[in-house]
Protein chains: 2
Amino acid sequence: MPAQRDSDIAYATLQEMIVDLRLPPGTVVNESALASELGFGRVPVREALARLAKDRFVTIMPRRGTAVTPLTLPDVLDIFEAREAIECGVAYIAAARASEEDLAALRTLVESADRDRESTDYEQFLLDDHAVHVTLVHMVKNALLQDAADRLLLHSLRFWRMHWKNRPPSKDAMLSNADLLSALESRDPVRAETAMRDHLNTSRQLVQILF
Amino acid sequence: MPAQRDSDIAYATLQEMIVDLRLPPGTVVNESALASELGFGRVPVREALARLAKDRFVTIMPRRGTAVTPLTLPDVLDIFEAREAIECGVAYIAAARASEEDLAALRTLVESADRDRESTDYEQFLLDDHAVHVTLVHMVKNALLQDAADRLLLHSLRFWRMHWKNRPPSKDAMLSNADLLSALESRDPVRAETAMRDHLNTSRQLVQILF
DNA sequence: CGAATACATCTTGTATATCAGTTGTTTATT
DNA sequence: AATAAACAACTGATATACAAGATGTATTCG
């Protein structure tokens, strides 16, 4: 655990506020204001913002201001495309490498998400679905892949929250990961990759229609 | 153009120094020393180091110091694995999306790299091969994928420079991208993905043997 | 002589102050 | 009235100063 510097806490706090929409896309933020709100000095807040900018969660316009990055349709399509490129590869690798414990944990999460769909609790569904993908990525135990994938998954989570915020929750758009899970359990890399690709393609198409 | 803040210049400079081994793996760096060397204050240097830490080019040990991240065998294998996961997806997408101009530029680079191999100029080979992969990624015009891939490619470049630094350059280890190029030119996503996977697997195996 | 503790020093972490660039507004000129 | 130049206010960018944690060393006690 890399220590708890103020800038680490500020980073985590702000990221959470951005992803859960307490700081909605487009919000302009101000270093000094944030500093006094969070109870830190300007320096740790500034460092946190710099890191969030590298993640593309905020956009810094030098000497002009900093804003929470907006979510345009092209941006969202990029997120899905990048997820497809990375997570398909991850699924392929994970099929060969997953331990029994990993698979059991994944099964629990997938079943939990399936229950959420039945109760149309979309916030909980999002969290469980997110957890499924995060867990999958962590299975491959590759810090570099994990960095890239975790960031994309958070972008994705932010998008879905935005998407469903003022929209009726629809069961059709809450896709199951059952196929992926069964492919992983039978240690079939190609099927796992295909399941992931189908999963992501289907949601991407849904978004493209509904946006 | 995202303005030229001192911290941007410091970031670019330090990244270059790390990747071209002027700051070899394991070097411990000191904020104030770097600051006076580069002619900046401590703040921009510190921000640059924070960004480099996110890229895993340096490792910050809070209140203890900062070091250029060492290159262990497991790290290198992670780099190759992550490249496989991402670049295969990139090749797949690029096959459908590449413009004629992109393909022409790629052809020039591939041929250039092939010439470098004949003259066993490994530094120039590395640069051209790097350019091939960077160009490929830029073809898909997806900033998120580009972020992730560019970082991995720089890690990879650093590794190869380290690898060949005190080793006789061997033609066998300088692989061609001709197959990949031809797959792209015939707009065949599956073949492009396969070519990329073979390319990366072969070099990974070479490394695993020689390390 | 060995171990533990106190201390000196080095390095990063944070706060405060100053500098500099951008923008929008005001004012003067045509 | 329209345009352009000067200016004022705001924001981030950087420098300087100070605080705090960590490590190695020296000293002291058993």
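Labels below follow one simple rule: chain letters A, B, ... track the order of the sequence lines, proteins then strands, and each chain is numbered from 1. Side-chain atoms are counted along with the backbone in the values below, which use heavy atoms only and exclude waters and symmetry mates. Fair warning: this is a prediction, and the values are worked out from it, not measured in the lab.
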- Query: Under 4.0 Å: is that the gap between some side-chain N or O of A/Arg64 and OP1 or OP2 of D/dG12?
  - Reply: no
- A/Leu49 CG to D/dT11 C1', straight-line distance once rounded to whole Å: 13 Å
- Please state how far atom CE in A/Met61 lies from atom P in D/dT11, giving the value in whole angstrom units. 12 Å
- Query: Looking at CG of B/Asp78 and CG of A/Leu144, how far apart are the two atoms once the value is rounded to the nearest 0.5 Å?
  - Reply: 6.0 Å
- Message: One thing to verify: whether B/Arg51 and B/Asp8 come together as a salt bridge, which I'm taking to mean a side-chain N less than 4.0 angstrom from a carboxylate O.
- Response: yes
- Message: B/Arg187 vs B/Glu100, test: salt bridge (charged side-chain N to carboxylate O under 4.0 Å, His left out). Steps then yes/no.
- Response: CA-CA 11 Å; B/Arg187 310 282 181 187; B/Glu100 291 300 327; 3.2 Å; yes
- Item | Side-chain N,O (B/Arg5) to OP1/OP2 (D/dA13) below 4.0 Å | yes
- Ring centroid separation for A/His133 and A/His199, is it under 6.0 angstrom? yes
- Message: Once you apply a heavy-atom cut-off of 4.0 Å, does B/Ser7 come out as touching a base, just sugar-phosphate, or nothing?
- Response: sugar-phosphate
- Starting from P on C/dG13, measure out to CZ on A/Arg51 and report it in whole angstrom. 10 Å
- What is the distance from CD1 of B/Ile60 to P of D/dG21, rounded to the nearest Å? 18 Å
- Whole-Å distance separating the CG atom of B/Asn30 from the P atom of C/dT9: 17 Å
- Whole-Å distance separating the OH atom of A/Tyr11 from the P atom of C/dT14: 16 Å
- State whether A/Asp20 and A/Arg158 are salt-bridged, where the test is any N-O pair (Lys NZ or Arg NE/NH1/NH2 against Asp/Glu carboxylate O) under 4.0 Å. no
- Task: Report the distance from atom CD of A/Glu31 to atom C1' of C/dT14, rounded to the nearest whole Å.
- Result: 14 Å
- Donor-acceptor contact present, side-chain B/Arg161 to main-chain B/Val19, <3.5 Å: yes
- Item | d(CG, A/Leu34; P, C/dA15) in whole Å | 14 Å
- Message: Looking at every heavy atom in both B/Leu23 and B/Val68, which two are closest together, and how far apart are they?
- Response: O-CG1, 3.8 Å
- What parts of residues 39-48 of chain B reach DNA chain C, counting only heavy atoms under 4.0 Å away? B/Arg42, B/Arg46
